[in-house]
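Numbers here are sequence positions counted from 1.
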Amino acid sequence: MSVGTSSAPGARGAPRPPAPRTAGDLAGLGLDPDELPDGLVVADEDARVVCFNAAAARITAVPAAEALGRRLDRALPLEDLEGRRWWQLTDPYGGLAIRAGQPERNLLLPGGREVLVSARYVRGERLGPVRRVVVTLRDTEARRRTERSHAELIATVAHELRSPLTSVKGFTATLLAKWERFTDDQKRLMLETVDADADRVTRLIAELLDISRIDSGRLEVRRQPVDIGAAVGRHIQAYVAAGQEADRFLLRLGRPLPDLWADPDKVDQVLSNLLENAVRHGEGTVTIDITPTASRREGEETGTSVTVSDEGAGIPEESMNRVFTRFWRGSKRGGTGLGLYIVKGIVEAHGGTITVGRAPGGGAEFRFTLPVAAPAYLA
């Protein structure tokens, strides 16, 4: 535990090695400062560091033994974003007696690394001298990742919206300005294009709403009886009606399948995404296997597994762990890269699991398993 104390008063004296001690005020709680997730630095009334926990050592790259006993401004040499020395600027020991601390803000460690810092000034009595300065440190990397993810999402949405909205605006403006010049067939073609682009915008907005609900844990599942075999069959028929060869799809049903209670709309969304990926990015036969999932207890089924595989090039081994993250694209052939992220969120909201691997035919293989569960009114 990285805790120590000064042996004599006087902030301007020579550095003194700290005497080992317990965790001070935290000891009454049975808590070691090294167990805290954030960096903790405590300086005494002489501005010397008496506590420098493991997280502080990790964030600052300063060993605790080196920091303990040193003056706070030397053990933790912080600067603001304009290059001013933070402890000289705030002057916790000699500043206004009404100050209680400093709110969290971005400061710089030596080398320019950003860190989130907040401080509290502990006084023995109201308006009295500062007895301790308690500083917390947090790494900004997690916040930066979140900000980058949000920026990428905004950029992706802007890009995906620009194309259909430009098309809608162009065709509608042309039709309004030159309606009489076009034949009925030309008008129908332009209106069909507008309709398709409007559907594309609607799908994108639905994806964004799904992401918001998944990230906040608010994705609702309304369980009803689902015939998973019939649901897959409807998707296959839609592809055949759109021009795909019927023999490109192979549906295999394991029997008997247990009764499945799930959200039919969300199951359709999962199936649609996985089949679209197999058709668009894969090659050869798209095989869909639906099988009962055996329980750990012999003779009892607990769920249904659906495996969608193709015979294409598959997913590179180094990309397997990124497939279900935001913005992952298996190829350059369109898409927002949000579909599989949403699929994983839907499956997990049902209490199920989803995995990706290599199919026997060499292509990609996605397998998701849904528990039998119970109807919504019994849950």
Checklist entry - Is it the case that one hydrophobic cluster holds both Ile346 and Leu209, taking links as side-chain heavy atoms less than 4.5 Å apart, direct or via other members? => result yes

Checklist outcome for this item: Minimal heavy-atom distance between Ala47 and Tyr93, with the atoms involved, is CA-OH, 3.2 Å

Next on the checklist: Does Asp38 form a side-chain hydrogen bond (donor to acceptor under 3.5 Å, both in side chains) with Thr136? I'd like the steps, not just the answer.
Outcome noted: CA-CA 7 Å; Asp38 294 336; Thr136 59; over 6 Å; no

Checklist entry - Does Asp185 come within less than 4.0 Å of Arg188, counting only side-chain N to carboxylate O? => result no

Next on the checklist: For the CZ atom on Arg218, are there more than 12 heavy atoms of other groups (residues, nucleotides or ligands in this structure) within a distance under 6.0 Å?
Outcome noted: yes

Checklist entry - When rounded to the nearest 0.5 angstrom, what is the spacing between CG in Leu137 and CG in Leu36? => result 11.5 Å

Next on the checklist: Check for me, please, whether Val41 and Leu109 land in the same ILVMFWY cluster - side-chain distances under 4.5 Å, paths through other members count.
Outcome noted: yes

Checklist outcome for this item: Between Pro63 and Ala61 the two heavy atoms that sit nearest each other are CD-O, 4.0 Å

Checklist entry - Should Leu250 and Leu275 be regarded as members of a common hydrophobic cluster, given that ILVMFWY residues are connected when their side-chain heavy atoms come within less than 4.5 Å of each other, either directly or indirectly? => result no

Item to check | Salt-bridge present (Asp44, Arg48; N to O < 4.0 Å) | outcome: no

Item to check | Exercise: identify the closest heavy-atom pair between Lys266 and Glu220 | outcome: CE-O, 3.1 Å

Checklist entry - Do Arg113 and Asp139 sit within salt-bridge range, that is, some charged N less than 4.0 Å from a carboxylate O? => result yes

Item to check | Least distance between heavy atoms, Ala262 atom then Leu370 atom | outcome: CB-CD1, 4.5 Å

Next on the checklist: Using the rule side chain to side chain contact (heavy atoms under 4.5 Å, CB included), only one of Arg132, Glu45, Arg99 pairs with Arg123; which is it?
Outcome noted: Arg99

Item to check | Shortest non-hydrogen contact between Leu68 and Cys51, atoms and distance | outcome: CD2-N, 3.7 Å

Checklist entry - When you check the side-chain N and O atoms of Ser305 and Thr291, is any donor under 3.5 Å from an acceptor? => result no

Checklist entry - Heavy-atom count around Arg358 CZ within 6.0 Å, excluding the residue itself: above 12? => result yes

Next on the checklist: Applying a strict under-4.5 Å side-chain criterion to I, L, V, M, F, W and Y, I'd like to know whether Trp179 and Phe182 cluster together.
Outcome noted: yes

Next on the checklist: Rounded to the nearest 0.5 Å, what separates atom CG in Asn53 from atom CG in Asp34?
Outcome noted: 5.5 Å

Next on the checklist: I need the minimum non-hydrogen distance between Ala231 and Leu271, along with the two atoms involved.
Outcome noted: CB-CD1, 3.8 Å

Checklist entry - Is there a side-chain contact between Pro225 and Asp259, using heavy atoms and a 4.5 Å cut-off? => result no

Item to check | Candidate pair Arg322 and Ser319, rule side chain to side chain contact (heavy atoms under 4.5 Å, CB included), full reasoning | outcome: CA-CA 5 Å; Arg322 295 188 291 111; Ser319 297; 3.2 Å; yes

Item to check | Reference residue Thr307; test side chain to side chain contact (heavy atoms under 4.5 Å, CB included); the match among Leu274, Thr355, Asp289, Thr287 | outcome: Asp289

Checklist entry - Are Val194 and Leu165 connected in the hydrophobic side-chain network, where two residues link if heavy atoms are under 4.5 Å apart? => result no

Checklist entry - Is Lys169 atom NZ crowded by more than 12 heavy atoms from other residues, nucleotides or ligands, each under 6.0 Å away? => result no

Next on the checklist: Tell me whether the count of non-hydrogen atoms from other residues, nucleotides or ligands lying under 6.0 Å of CG in Leu81 goes above 12.
Outcome noted: yes

Next on the checklist: By the definition side chain to side chain contact (heavy atoms under 4.5 Å, CB included), identify the one residue from Arg248, Glu245, Glu276 that meets it with Tyr239.
Outcome noted: Glu276

